[in-house]
Amino acid sequence: MATSKLRGNDLRKIGFPEGRATTLALNILEDRQLKTLDKGSALALLQKIKADPYAYLRDSLWRELAKEFVPDPKRDVTLNSEIKDYRRYGEAFIEDGARRQMDTAMQLPVTLDGALMPDAHQGYGLPIGGVLAVDNAVIPYGVGMDIGCRMALSVFPVPSHYLDQHTQELKKLLHNHTRFGGKEVFKNPTDDPILERPEFREIAVVRGKRDAAYNQLGSSGSGNHFVEWGVVEITDDDNDLDLAPGQYLGLLSHSGSRGLGAAIAQHYTKVAMSKCPLPPEARYLAWLDLDSQEGQEYWAAMNLAGDYASACHRDIHRRLSQALGEKPLAKVENHHNFAWKETLPDGREAIVHRKGATPAGKGVLGVIPGSMTAPGFIVRGRGERDSIQSASHGAGRRMSRTQAKQNLSEGDVRRHLRDHGIELIGGGLDEAPMAYKDIHQVMAHQRDLVDVLGSFTPRIVRMDAGGGGKSRYGGE
DNA sequence: ATGTCC
């Protein structure tokens, strides 16, 4: 009876699409002929069917599932045979998987234009670091799971040597006034006006998450999310922040829309995949017509999740500013994992998806983080048309989470952090600085996309304690 | 990235 324990989530981990294929697989496994199959063997078999569905088309038990993995011109929306041309920044160190995913996205009949940022790596559907402009449609997996995930920086009127003199106090503030991980939330969540938005009454999936949204407000979640104190160095006199060149104490946060955004992404991805069946390699790129009821709902829910993520950062910075007893001189905030209505250079209206890519329209400010032991950069967009007015959202991974856990040791990471003078609360091996690309190289590949106004060098970092042996994927 | 669900 071991098979009865197999869940949809197990199938997601071996790359099964949400929806019919998963439902079919779970139903077929209920067949009495398969009752003796243990969980491992069942997963191995399902993987084989997905990899070579043609071998199972005559198998009476598995035929219906196998069909799900074979292109069906009668059912599937057809991809263009031609891959539309698109720019790749820093192509030499972009992995093949990310390139292949972007190629597929450039074959969608709704695609107008695209670009791949120098921190790109493989994700679900659109690669992380992928920018895709489409015609009157929105792709839930082109936005990603953590809708509206963002960076927020506060610059304080405090000299940077405060970090050296008050290291343990600042560390304690992070410990006391931030919440990380799946379960940790504030006992006294802020009653933010966002919770009164009509979407919480009008959209079913959003309504079901209102209580969770209230409880999770101001919490940071897990994965690559962080809150950190560090040194802001302003190098450019003309910096749009009214800051004199020099060094300041800074607070940088990276997190998103928590359970609310995840539920919206999961729900509308399922809807899109059932309404817009695509050939297997493109299945996760299913879109919703923007004029459809579901498309309008997703658009409203996505915007709410973005505003919620912003409210969370506001709360994080308010709590820490109060605890520090200082008001910020300047703030910079920018989001990725989102879709915007924009006008392309040729005048066409487009829905521009930036999955792990930073908006870089002319004069638009943003922060591109490096790693715990490398600076991030305060940037101003140059409005470059070839990148669809976008830039990278960080350094990007050099090692997958699994590779990092296999190749790095706790001792090595501890030494590396100590050598760089970094204080860390939490943080797993999969988030070790060595798992990330060299931010200086990444920045060198996007000189045409952004101007650098200053830097942020982390000193005291808090992250989730990390997943230990748990398998994770993606990361935006 | 989330919640533990087809």
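Because the structure is predicted, anything quoted here is derived from the model rather than measured. Residue numbering restarts at 1 for every chain, and letters A, B, ... go by the order of the sequence lines.
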> Among A:Glu431, A:Glu423, A:Glu184, find the one that has a salt bridge (charged side-chain N to carboxylate O under 4.0 Å, His left out) with A:Arg462.
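The salt bridge (charged side-chain N to carboxylate O under 4.0 Å, His left out) with A:Arg462 is passed solely by A:Glu184 among A:Glu431, A:Glu423, A:Glu184.
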> Relative to the ring of A:His317, is the ring of A:His313 parallel (under 30°), tilted (30 to 60°) or perpendicular (over 60°)?
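Taking A:His317 first and then A:His313, their aromatic rings sit tilted (interplane angle of 30° to 60°).
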> Can you tell me the distance, in whole Å, between the CG atom of A:Leu26 and the C1' atom of B:dT4?
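About 14 Å, once rounded to whole Å.
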> Atom NZ of A:Lys270 and atom P of B:dC6: how far apart are they, to the nearest Å?
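Distance, rounded to whole Å: 9 Å.
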> Expressed as a whole number of angstroms, how long is the span from A:Gln266:CD to B:dC6:P?
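My rounded result for the distance is 12 Å.
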> Closest approach to the side chain of A:His225, judged atom by atom: which nucleotide of B:dG3, B:dC5, B:dT2 is it?
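In terms of side-chain proximity for A:His225, the closest of B:dG3, B:dC5, B:dT2 is B:dT2.
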> State which residue, out of A:Arg179, A:Lys183, A:Arg258, A:His225, fulfils the side-chain hydrogen bond (donor to acceptor under 3.5 Å, both in side chains) condition with A:Ser219.
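Answer after filtering A:Arg179, A:Lys183, A:Arg258, A:His225: A:Arg258.
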> Measure CG/A:Leu260 against P/B:dG3 and give the value in whole Å, please.
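Those two atoms, CG and P, are 10 Å apart.
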> Could you tell me the separation between the CZ atom of A:Arg7 and the P atom of B:dG3, rounded to a whole number of Å?
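Roughly 18 Å, once rounded to whole Å.
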> Nearest whole angstrom, please: distance from the C1' of B:dT4 to the CG of A:Leu11.
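Going from A:Leu11 (CG) to B:dT4 (C1'), I get 14 Å.
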> When the distance from CG of A:Leu6 to P of B:dC6 is rounded to whole Å, what number comes out?
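Rounding to the nearest Å, CG of A:Leu6 and P of B:dC6 are 10 Å apart.
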> Can you pull out every salt bridge (charged side-chain N to carboxylate O under 4.0 Å, His left out) where at least one residue sits in residues 209-219 of chain A? Sequence neighbours excluded, please.
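Sorted result for residues 209-219 of chain A: A:Glu196-A:Arg210.
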> For a quick test of reading the model: is some side-chain N or O of A:Gln216 closer than 4.0 Å to OP1 or OP2 of B:dT2?
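Answer no for this pair, as no side-chain N or O of A:Gln216 is under 4.0 Å from OP1 or OP2.
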> Within this structure, what is the CZ-to-C1' distance between A:Arg258 and B:dT4, rounded to whole angstrom?
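My rounded result for the distance is 15 Å.
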> The side chain of A:Ala262 lies closest to which of these nucleotides: B:dG3, B:dC6, B:dT2?
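Ranking B:dG3, B:dC6, B:dT2 by closest atom to the A:Ala262 side chain puts B:dT2 first.
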